[in-house]
Amino acid sequence: MAARETQGAAAGGEEDCEGNHSEAGGVSYEDSKDCILEPLSLPESPGGTTALEGSPSVPCIFCEEHFPMDEQDKLLKHMIIEHKLVIADVKLVADFQRYILYWRKRFTEQPITDFCSVIRINSTAPLEEQDNYFLLCDVLPEDRLLREELQKQRLKEILEQQQQERNDNNFHGICMFCNEEFLGNRSVLLNHMAREHAFNIGLPDNIVNCNEFLCTLQKKLDNLQCLYCEKTFRDKNTLKDHMRKKQHRRINPKNREYDQFYVINYLELGKSWEEVQLEDDRELLDHQEDDWSDWEERPDSAVCLFCEKQAETIEKLCVHMEDAHEFDLLKIKSELGLNFYQQVKLVNFIRRQIHQCRCYGCHVKFKSKAELRTHMEEAKHTSLLPERKTWDQPEYYFPTYENDTLLCTLSDSESDLTAQEQNGNITIISEDTSKLHALKQSSILNQLLLQEGLKN
């Protein structure tokens, strides 16, 4: 299938804020293309995935471009920009390479519109400025079946690998803490580290690809990096003292790099060990009495649009943004007569501009959020919103950050109705009740009752 040319940028994975400054202090709005390839989160979680050397390459679905497996995001970005294809929930695909190869073959057999939903961008703009993107997701039965089959195949391979490791008595390993050598089964080394060094990474029977797991941990220690907080230290003795005193002889549970070494992460499609464990906990709770007397709800905090400040209520957050950044969200809502959905689009628009380190007032891009914030506050650009048609677009229905609590606190109250009344969109005629007695005498109900009485 021929490659489709790019006519605009798409929303998809994360791109950093680096760029070359122009004379005005940043990169011009027209010269940059920012793409977001995956959902973002507030705040960003620590840790990350380490690229493996010698990773096999994966071809583009449409053209002959190839990308290493450890550069999966680059391939996704390429397909969005060059071919306008968006793949939903990529992280839930068990075997990315097989998935791509399957659809590469299918797209040569039938048109892309037979498989993908069409998303029109800038639908309210002139026809020549509109653009179509294609969404491939598991709503399509064929895609759902493919993902399930890949998951089953991956689980089968993992269980076979795990069984082989459990029965292998030719294992050879060295303790990461005392350099003692162990021969035989892998459980001997793992039990030694748990018993002698209080370093427990789980039951041996729950672990797969044990050699790779131990090599990953050893490499971090060789780089003088704490396994739990992942801070780097100047020498090995300092690192050992830190891990001992802080009780950091354990791995970071938030680092998704380790998920691949635990069998539980392969059991159900799209579910991590934490989600499976939560389901088990719910089943236990179902057999307990529903006693909520000691329940204390923990409020979710909303994050400021311009900095990392958090507040438990939108009122407190609005006060902070007005005092610290001279941005009055409630005033803007009232003056522009914004309903709930328009507020959502405005917040998502501002979030995206700030994430991309771009001032929405003058369209200048900066190297960091700190520089952008300084510029916007000095130039009074925080309250300088662009025209409504810039941000009031369907693409901003989708959150920039998937856990943006501020969107849940936006009001959809009587104030929205009041704003629309002021704009003349709703006409309300009040009932005159000053002559209530006269109304009762002339009521149509009296006539109906009188007619019914005459019939009887």
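All of these numbers come straight from a predicted model, not from anything done at the bench. Basis for what follows: all heavy atoms, side chains included, without hydrogens, waters or symmetry-related copies.
Remark: the Y99 side chain and the D143 side chain contain an N/O donor-acceptor pair separated by less than 3.5 Å. Side-chain contact annotation: N339 with Q343, donor-acceptor N/O pair under 3.5 Å absent. No side-chain N or O of N209 forms a donor-acceptor pair with one of Q260 less than 3.5 Å apart. Between the side chains of Q161 and E165, at least one donor N or O lies within less than 3.5 Å of an accepting N or O. When only modelled atom types and interatomic distance are considered, Q110 and R106 share a side-chain donor-acceptor pair under 3.5 Å. Checking W391 against N348 by side-chain atom types alone, no donor-acceptor pair falls below 3.5 Å.
Y266 and L155 make their closest contact through O-CD1, 3.5 Å (heavy atoms, listed as atom of the first residue, atom of the second, distance). Looking at every heavy atom in both residues, I87 comes nearest to I100 through CD1-CD1, 4.0 Å. In plain terms, the two heavy atoms of V303 and L406 that are nearest each other are O-CD2, 4.3 Å. A pairwise comparison of heavy atoms in H83 and C63 identifies NE2-SG, 3.6 Å as the closest pair. Residues L75 and C60 come closest through the heavy atom pair CD1-CA, 3.7 Å.
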Pairs under 3.5 angstrom only: tabulate donor-acceptor contacts from the side chains of residues 314-329 to other protein residues two or more places apart or in another chain.
residue : atom : partner : partner atom : Å
H320    : NE2  : H325    : NE2          : 3.4
H325    : ND1  : E377    : OE2          : 2.8
E326    : OE1  : K380    : NZ           : 3.3
E326    : OE2  : K380    : NZ           : 2.9
D328    : OD1  : L330    : N            : 3.3
D328    : OD1  : K331    : N            : 3.1

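For R388 (side chain) and L336 (main-chain N/O), a donor-acceptor pair under 3.5 Å exists by modelled atom type. Between the side chain of Y228 and the backbone N or O of K246, no donor-acceptor pair lies under 3.5 Å. No donor-acceptor distance shorter than 3.5 angstrom exists from the side chain of Q97 to the backbone of M69, with no hydrogens or angles considered. At least one donor-acceptor pair under 3.5 Å links the side chain of Q225 to the backbone N or O of E230. Of the possible polar contacts, one joining the R250 side chain to the Q247 backbone as a donor-acceptor pair under 3.5 Å is found.
In this structure, R249 is positioned above the aromatic face of F177, its NZ or CZ under 6.0 Å from the six-membered ring centre and within 45° of the axis.
Here the side chains of L305 and I354 are not in contact, with every heavy-atom distance at 4.5 Å or above. Looking at H66 and V58, their side chains never come closer than 4.5 Å, going by heavy atoms from C-beta outward. Side-chain contact between T400 and I350: absent, with no pair of heavy atoms (C-beta onward) separated by less than 4.5 Å. With a 4.5 Å cut-off on side-chain heavy atoms, C116 and L136 count as touching. Looking only at side-chain heavy atoms (C-beta outward), W103 and L146 come within less than 4.5 Å of each other.
Annotation: Y262 is in aromatic contact with F213 [ring centroid separation under 6.0 Å].
With salt bridges taken as basic N to acidic carboxylate O contacts below 4.0 Å, one links E64 and R104. Ion pairing of E65 with K74 is absent here, as no side-chain N (NZ or NE/NH1/NH2) approaches a carboxylate O to less than 4.0 Å. A salt bridge does not link K152 to E148: none of the charged nitrogens lies less than 4.0 Å from a carboxylate oxygen. Residues K219 and D222 are not paired through a salt bridge, judged by the lack of any N-O separation under 4.0 Å between the basic side chain and the carboxylate. Salt-bridge check for E157 with R98: passed, with a basic side-chain N closer than 4.0 Å to an acidic carboxylate O.
Take T238 and apply the side-chain contact (heavy atoms from CB on, under 4.5 Å) test, not counting sequence neighbours, and it matches F233, R234, D235.
Between F349 and the choices Q353, R352, K345, the side-chain contact (heavy atoms from CB on, under 4.5 Å) rule is met once, by Q353.
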Inset, instruction - List the steps and the verdict of salt bridge (charged side-chain N to carboxylate O under 4.0 Å, His left out) for D404 and R351. - result: CA-CA 10 Å; D404 192 351; R351 289 280 196 213; 2.8 Å; yes
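The local environment of OH in Y102 is crowded, with over 12 non-hydrogen atoms from other residues, nucleotides or ligands closer than 6.0 Å.
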